[in-house]
J.: 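Starting off with a structure, shown below.
All chains are named by letter (A, B, ...) in the order of the sequence lines, taking the proteins before the strands, and each is independently numbered beginning at 1.
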2 protein chains.
Amino acid sequence: MNQGTDLRGLIGYQIQRAHLVMGADARAALAPFDLSPAKFTALLLIRDNPGCDQTALGRALSVNRSSAMKLVNILEERGLVERRAGRDLRTNALFLLPEGEVQIGAMIEAVHQSDARMTQGLSRQEAEQLLVLLRKISGEEPMSDSEADTGIA
Amino acid sequence: MNQGTDLRGLIGYQIQRAHLVMGADARAALAPFDLSPAKFTALLLIRDNPGCDQTALGRALSVNRSSAMKLVNILEERGLVERRAGRDLRTNALFLLPEGEVQIGAMIEAVHQSDARMTQGLSRQEAEQLLVLLRKISGEEPMSDSEADTGIA
DNA sequence: TATTGTTATACTCTATAACTATA
DNA sequence: TATAGTTATAGAGTATAACAATA
């Protein structure tokens, strides 16, 4: 199937394709833990930002409050994270539970192995360069929440 | 929100984030045409592979026959593409219609402008290097169809 | 038997809108 | 008024499983 120069030269198209193949492999790597890549990312963000609230988590994941809730619900049902009282009575503070700490090590290992496998055609310098270029596109900080959820109810 | 080294160092994670921001911009660029990025890609593939069948189109897009059908249905409803008799009585041959040719030029222009806008932080050399590295990850040819649809019924 | 198109159905992910409690 | 969480509902996108026609 001929992709044509209009597609081949689009960085967005190549990113979409790379995302497809890498996402599929990461999903397979996480299948034994019954977690999607997005839920794994949420778990890691909670571990690295203990006490964060759901809105901040959603902002980091570029999903709105409602979607963040569903993620946290599942992680909580699995006994991986916990909602505690937050800084005021409206907010939850999220924490990784011991069971989450036990499992997250193996998850990280599996995902990093997947990442290495999918980029094995790249030299170490190329992989490092790719990280730098990708971070330039997405910026170092997550997308603003205002585009996903204005908070206007 | 602290991303942590376990996430920051994952190429798959950075690709996911870049895909998110670039996909959103491309979607906005295509909004005046009421087409998603995937449907635009399908349209371009049909233009550049006149007479291709739906299964081949799906393979190039990494979706199965059923999903490819829905894409073609919408493009056909819009009067952009046409199903003609294929090489045997089972297959459809897909062709871009004059109305599709009229519209596709402006679509390509909009998407390329979006692509340039989202990568304006990159030098020309960096953009070229990024294309090369991304193609190394996804390979030059689309993912095998056998993983999306075995054809076993 | 295998393949193409097709249809019906279901699942995942995410958004929108509204509500409650709190600030 | 504004914000955090919550809930119900809806939409997009895709997969699975089956079927008919054809190879």
J.: Taking only N and O in the side chain of B/Ser66, is any of them less than 4.0 Å away from OP1 or OP2 of C/dT6?
T.: no
J.: Does B/Ser67 put a side-chain nitrogen or oxygen below 4.0 Å from OP1 or OP2 of D/dA15?
T.: yes
J.: Whole-Å distance between D/dT14 C1' and A/Gln16 CD?
T.: 13 Å
J.: Looking at the side chain of B/Val63, which of C/dA23, C/dT6, D/dT14 is the nearest nucleotide?
T.: D/dT14
J.: Measuring to OP1 and OP2 of D/dT3, would you say a side-chain N or O of A/Arg87 lies under 4.0 angstrom away?
T.: no
J.: Mind calculating the distance between NE2 (B/His19) and P (D/dG13) to the nearest angstrom?
T.: 12 Å
J.: Measure CG/A/Leu75 against P/C/dC13 and give the value in whole Å, please.
T.: 12 Å
J.: Can you see if the side chain of B/Lys39 gets near the phosphate of D/dA12 - specifically, an N or O under 4.0 Å from OP1 or OP2?
T.: no
J.: What is the distance from CG of B/Leu61 to P of D/dG13, rounded to the nearest Å?
T.: 13 Å
J.: Of all the heavy-atom pairs spanning B/Ile11 and A/Leu134, show the shortest one and how long it is.
T.: O-CD1, 4.2 Å
J.: Counting any heavy atom closer than 4.0 Å, what does A/Thr91 reach on the DNA or RNA strands: base, sugar-phosphate only, or nothing?
T.: sugar-phosphate
J.: Please tell me which of the listed nucleotides, D/dA23, D/dT16, D/dG5, lies nearest to the side chain of B/Asn64?
T.: D/dT16
J.: Can you tell me if the side-chain N/O atoms of B/Asn92 get under 4.0 Å from OP1 or OP2 in C/dT6?
T.: yes
J.: Any donor-acceptor pair under 3.5 Å linking the side chain of B/Gln14 with the backbone of B/Arg8?
T.: yes
J.: Let me know the distance between CG of B/Leu71 and C1' of D/dG13, rounded to the nearest Å.
T.: 9 Å
J.: Specify the separation, in whole Å, of atom CZ of A/Arg27 and atom C1' of D/dT14.
T.: 11 Å
J.: Which nucleotide, C/dT16, D/dT22, D/dA4, lies nearest any side-chain atom of A/Arg90?
T.: D/dA4
J.: Taking all non-hydrogen atoms of both residues into account, name the closest pair between A/Cys52 and B/Met1 and its distance.
T.: SG-CE, 3.9 Å
J.: Select one nucleotide: of D/dT14, D/dA23, C/dT14, the one nearest the side-chain heavy atoms of B/Lys70.
T.: D/dT14
J.: Just to confirm, is there a sub-4.0 Å distance from OP1 or OP2 of C/dG5 to any side-chain nitrogen or oxygen of B/Asn73?
T.: no
J.: Rounding to a whole Å, what distance do you find between B/Met69:CE and C/dA8:P?
T.: 11 Å
J.: Can you tell me how far C1' of D/dG13 sits from CG of B/Leu35, to the nearest Å?
T.: 15 Å
J.: From C-beta outward on A/Ser36, which listed nucleotide comes closest to its side chain: D/dT14, C/dC13, D/dT9?
T.: C/dC13
J.: Ion pair present between B/Arg87 and B/Asp53, side-chain N to carboxylate O less than 4.0 angstrom?
T.: yes
J.: Distance alone, cut at 3.5 Å: any donor-acceptor contact between the side chains of A/Gln125 and A/Gln129?
T.: no
J.: Is A/His112 reaching over with its side chain to a backbone N or O of B/Asp6, donor-acceptor style, under 3.5 angstrom?
T.: yes
J.: Answer yes or no: does a side-chain N or O of B/Arg59 lie under 4.0 Å from OP1 or OP2 of C/dT3?
T.: no
J.: Of the listed nucleotides (C/dA18, C/dA15, D/dA15), which one gets closest to any side-chain atom of A/Arg65?
T.: C/dA18
